[in-house]
Structure formats: structure tokens, C-alpha cells
Amino acid sequence: MVDFGGWDMPVEYSGLIAEHMAVRTGVGLFDVSHMGEIQFRGPKSLDAVQYLSMNDASKLAVGQAHYSALLTPEGTFVDDILVHKFSDNDYLMVVNAGTKDKDFAWIQQHARRFGGHVADYSPHYSQLAIQGPRAVETLAKLTTTDLNAIKNYRFVWGTVNGVGNVLIARTGYTGEDGFEIYFPSDEATGHAMWEAILEAGAEFGILPCGLGARNTLRLEAGMTLYGHEISDEINVWAAGLDRFCKLDKPEFLGREALVAAKERPLSRKLVGLEMTERGIARDGYRVLDAEGKAIGVVTSGSPAPFLKKNIALAYVPPANAEIGSAVAVEVRGQPVKAQVVPVPFYKRAKK
């Protein structure tokens with residue numbers, strides 16, 4: 001157990017590799033109740049969400065969610081988020097645990113101009129994530145909701161394990177199919193839900209999963225993590241998140257800076273690395289060019305349990321960012337060869 005954003009969180013239950021493989025081949029269960037939930041209500045809630053975030057929430061249908069980010073005026077990251085549209089006047093923003101208080105203060109500061117009601121509902125939600133190729137079969141045992149009808153990044157309200165008005169969202173942070181369920185945060189309800197899901201998934205080899213597997217799964221899937229790949233010192237273009245940033249929508253925080261930055265050459269770019277020699281690239285290790293000169297830094301790195309390779313995400317100059325480029329990572333003072341490879345490292349097979 002470790003402190004994580006003020007929460008006691010498990011690094012692992014039965015072991016990181018076993019938990020990682022359960023999600024890739026069967027199903028895993030994560031307690032992600034530490035995530036923050038901030039709700040926007042009122043006639044100008046869309047205007048507030050649009051101004052605060054970089055994706056275009058006007059394109060969301062009721063029952064749809066998308067990935068986005070809160071940006072500083074400089075076009076760097078306050079946090080990355082998920083936005084869910086409950087109705088034309090009601091949006092839920094899911095933020096990271098470690099940045100929740102900072103995010104909420106930022107949102108309050110910049111949403112005032114739109115009026116409406118912005119509230120931190122985090123204490124009222126428990127959230128569990130059921131992830132993996134057998135996630136549908138597992139959750140289907142506990143609900144009459146047609147899970148197959150929920151498309152990726154869509155959500156519905158349903159009854160799960162006898163609890164009504166549960167938000168069932170088909171999103172995730174593992175690279176696998178799966179669901180997040182949001183329900184009342186009292187301890188008895190949470191305990192009963194946890195146990196029921198473990199029982200429902202027993203025939204598929206379900207395992208409870210901790211922070212360790214959550215990190216290796218998202219790394220294999222090439223997903224960014226605040227404080228690693230994104231921060232208030234890294235802008236959207238460098239992080240390679242262009243596809244989620246909609247410059248053609250009305251004014252939003254960071255837009256002006258991003259338009260200006262788009263005209264300048266990048267000084268660094270986020271890339272995937274695969275180690276070609278024996279050695280593990282860890283967060284913070286230096287990336288070297290062929291002459292041994294330090295050119296960048298690893299933001300996330302570890303063995304990839306499913307791929308059975310050592311992989312990393314790192315920032316390097318654009319000249320060293322081409323797929324196939326040879327670099328090295330300084331591991332305990334020694335250069336270990338690596339090459340730039342496409343991201344994501346892992347993609348689940350299409351059904």
C-alpha cells in the first residue's frame with residue numbers, strides 16, 4: 001500500500017505480472033474511486049466546458065464521453081480529463097486524483113464568468129473499472145443493461161448488483177475493452193459491488209489489480225500520465241495529442257499560445273522506445289544519441305509483461321524522433337541501445 005493523491009492505494013494484490021496478464025487475456029478489477037468527478041450544471045455549462053478544455057464538447061451526444069485536457073494560457077497541461085455529456089445543461093468531468101484539488105480550484109476560477117453550478121462530486125462517487133476481453137461477460141452477470149449496445153466512449157444509466165442509477169461507461173486506461181461503473185460511495189455498497197464483480201468474473205480468472213498493473217497496461221497502450229508525459233511545462237504539440245485539440249472551435253484557454261507555437265519548430269517530441277539491448281529504461285533516465293550526448297529523458301519506462309519487451313516513452317529532439325532511429329538510454333551510468341518505435345506498443349485485436 002502506498003500514498004497516492006492522499007489515498008491509500010495498493011501497488012499490487014497477487015503480483016504485477018499476474019494482474020497485467022489477467023487484464024490482457026481475461027479480466028481485471030480496479031478500484032479507481034480516487035479519481036475526481038466535477039459536475040457542470042446550468043444553461044452555460046457547455047460554454048464553461050468549452051472554454052476550459054481543448055476538445056470540442058459541442059460535438060458530444062447525450063450519453064457520449066471524450067478524452068480532453070485542461071490547459072494553461074501557455075498551452076501546457078493542468079490535467080488530462082474525460083468529459084461526459086449527461087444533457088445539454090449537465091456535464092461530468094473526470095480528473096486525476098493527485099491533481100483533483102488543483103483542478104477544481106482552476107475550474108472554479110475560470111468558470112465563474114459563465115455562471116451555473118460547478119461542484120466537486122468526488123466524495124459521492126465510488127468508481128470501479130472492469131477491464132479485459134471478458135469484461136462484458138463478467139459485468140453482464142450483474143445487470144440487465146445491454147452492454148453490447150454501449151459503444152466505445154459511450155455510457156448509460158443502469159442497475160448493477162441491485163444498485164440503481166449506476167453510470168456504466170465503456171472507457172478505460174488499459175488498452176483493453178472494459179467499463180467504469182460509478183455508484184454511491186458508502187462503504188457497504190462498495191464492498192458488496194467489489195465482491196460481486198470478483199465472484200462474477202471468477203470463471204474468467206478475474207484478479208483485483210493495483211497501481212503497478214494499471215501503469216504497465218497504460219504504458220503498453222501508449223497512454224499518457226500527468227506528471228510524466230504531460231505537465232504544466234509540456235504543450236499539446238510536443239505531447240503528440242494534436243488529435244484531441246480542436247483549434248477550430250471558439251476561444252478556449254491555451255488556444256492563442258498553441259496557434260503561435262504551431263508556427264515554431266518543436267524542440268522535443270514524445271516517442272516510444274524499445275530497448276534492443278538488455279536493460280530497463282526507468283522514469284527520469286537520460287536518452288543519448290549515437291555519440292553519447294544527452295538529448296532527452298525517459299518519462300515512463302518498464303518491462304512490458306504482455307509484449308515481453310522493455311519499453312519506454314521519452315522526449316527527444318525531432319531529429320531523433322523518426323521511427324527506427326537508434327538511440328541509447330543511460331542505465332546505471334552505462335549506455336544501453338534502444339530504438340524509436342511506433343506508439344501504441346500494444347493494440348488489442350479487432351473483433
Co-membership, hydrophobic cluster, residues Leu128 and Val23, 4.5 Å side-chain: no

Nearest-0.5 Å distance, NZ of residue Lys308 to CD1 of residue Ile17: 8.5 Å

pair Glu274-Val340: side-chain heavy atoms closer than 4.5 Å: no

Check: Asp186 side chain, Thr189 main-chain N or O, donor-acceptor pair, under 3.5 Å: yes

Polar contact flag, side-chain donor to acceptor under 3.5 angstrom, Ser300-Arg218: yes

Neighbour count above 12 (heavy atom, 6.0 Å) for Lys337 NZ: no

Residue pair Gly222 / Pro344: nearest heavy atoms and the distance that separates them: N-CB, 4.1 Å

Nearest-0.5 Å distance, CZ of residue Arg282 to CD1 of residue Ile280: 4.5 Å

Hydrophobic cluster membership, Trp106 vs Val95, 4.5 Å side-chain cutoff: yes

Side chain to side chain contact (heavy atoms under 4.5 Å, CB included) evaluation trace for Ile107 with Leu52: CA-CA 7 Å; Ile107 289 165; Leu52 281 159; 3.9 Å; yes

Atom CD of Glu322: over 12 foreign heavy atoms under 6.0 Å: no

N/O donor-acceptor pair under 3.5 Å between Thr138 side chain and Ala200 backbone: no

4.5 Å side-chain heavy-atom contact, Glu203 and Lys141: yes

Heavy-atom side-chain contact between Leu46 and Ser58 under 4.5 Å: yes

Residue pair Asp80, Phe244: steps toward the side chain to side chain contact (heavy atoms under 4.5 Å, CB included) verdict: CA-CA 11 Å; Asp80 60 339; Phe244 302 110; over 6 Å; no

Backbone N/O of Val118 and side chain of Gln39: donor-acceptor pair under 3.5 Å: no

Ring-ring centroid check His84 Phe155, cutoff 6.0 Å: yes

Parallel, tilted or perpendicular, as decided by the 30° and 60° cut-offs, for the rings of His117 and Tyr121: perpendicular

Closest non-hydrogen atom pair, Gly292 against Leu288: O-CD2, 3.9 Å

Side-chain donor/acceptor of Lys269 to backbone N/O of Val316, under 3.5 Å: no

Backbone N/O of Leu258 and side chain of Trp237: donor-acceptor pair under 3.5 Å: yes

Sub-4.5 Å side-chain heavy-atom contact between Asn310 and Ser302: no

Same apolar cluster (I L V M F W Y, side chains within < 4.5 Å links), Val271/Ile295: yes

Heavy-atom side-chain proximity of Glu220 to Thr174 below 4.5 angstrom: no

Short N-O contact, Lys100 and Asp120, less than 4.0 angstrom: yes

Geometric class of the Phe114/Tyr51 ring pair [parallel <30°, tilted 30-60°, perpendicular >60°]: tilted

Chi angles and distances behind the side chain to side chain contact (heavy atoms under 4.5 Å, CB included) call for Tyr13, Leu207: CA-CA 8 Å; Tyr13 292 84; Leu207 289 179; over 6 Å; no

Donor-acceptor under 3.5 Å (Glu19 side chain, Ser14 main chain): yes

Main-chain N/O of Ala57 paired with Gln50 side-chain donor or acceptor, under 3.5 Å: yes

Backbone of Pro73 reached by a side-chain donor or acceptor of Glu256 within 3.5 Å: no

Residue Leu266 excluded, over 12 heavy atoms near CG under 6.0 Å: yes

Non-hydrogen atoms of Tyr226 and Ser231 that approach each other most closely: CE1-CA, 3.7 Å

Worked check of side chain to side chain contact (heavy atoms under 4.5 Å, CB included) between Tyr173 and Val32: CA-CA 11 Å; Tyr173 193 54; Val32 285; over 6 Å; no

Side-chain touch Leu313/Leu219, heavy atoms, less than 4.5 angstrom: yes

Pair Asp289-Asn320, side-chain donor/acceptor within less than 3.5 Å: no

4.5 Å side-chain heavy-atom contact, Thr159 and Thr145: no

Asp56 with Lys59: basic N within carboxylate O range, under 4.0 Å: yes

Side-chain donor-acceptor pair present, Asp79, Thr99, cut-off under 3.5 Å: yes

Glu277, CD atom: more than 12 neighbouring heavy atoms under 6.0 Å: yes

Ring-ring centroid check His34 Phe4, cutoff 6.0 Å: yes

Shared hydrophobic cluster, Leu92 / Ile168 (ILVMFWY, side-chain heavy atoms < 4.5 Å): no

His66 side, atom NE2; Tyr153 side, atom OH - distance, nearest 0.5 Å: 10.5 Å

Quiz item: cation-pi between Lys249 and Phe252, 6.0 Å / 45°: yes

Short side-chain donor-acceptor distance under 3.5 Å, His124 and Glu37: no

Glu176 with Arg348: basic N within carboxylate O range, under 4.0 Å: no

Leu82 backbone acceptor or donor facing Ser68 side chain under 3.5 Å: no

Between Ser33 and Gln127: side-chain donor-acceptor atoms closer than 3.5 Å: no

Beyond-backbone contact of Val94 with Tyr182, side-chain heavy atoms, under 4.5 angstrom: yes

Which atom of Phe77 lies closest to which atom of Ile234, heavy atoms considered: CD1-O, 3.1 Å

Interatomic spacing from CG in Leu70 to CG in Leu253 - rounded to 0.5 Å: 9.0 Å

Expected output: side-chain His228 to main-chain Thr299 donor-acceptor under 3.5 Å: yes

Cation-pi, Tyr346 ring and Arg24 (6.0 angstrom, 45 degrees): yes

Nearest non-hydrogen partners of Leu147 and Arg170, listed with the distance: O-NH1, 3.1 Å

For Ala119 against Phe104, the heavy-atom pair lying closest together: C-CE1, 3.9 Å

More than 12 heavy atoms from other groups under 6.0 Å of NE2 on His191: no

Close aromatic pair by centroid cut-off 6.0 Å: Phe30 and Trp194: no

In one Ile/Leu/Val/Met/Phe/Trp/Tyr side-chain cluster, 4.5 Å: Leu29, Leu211: no

Ion pair Asp90/Lys85, N-O distance below 4.0 Å: no

Pairwise distance CD1(Ile81) to CD1(Ile38) - rounded to 0.5 angstrom: 8.5 Å

Arg332, CZ: over 12 other non-hydrogen atoms inside 6.0 angstrom: no

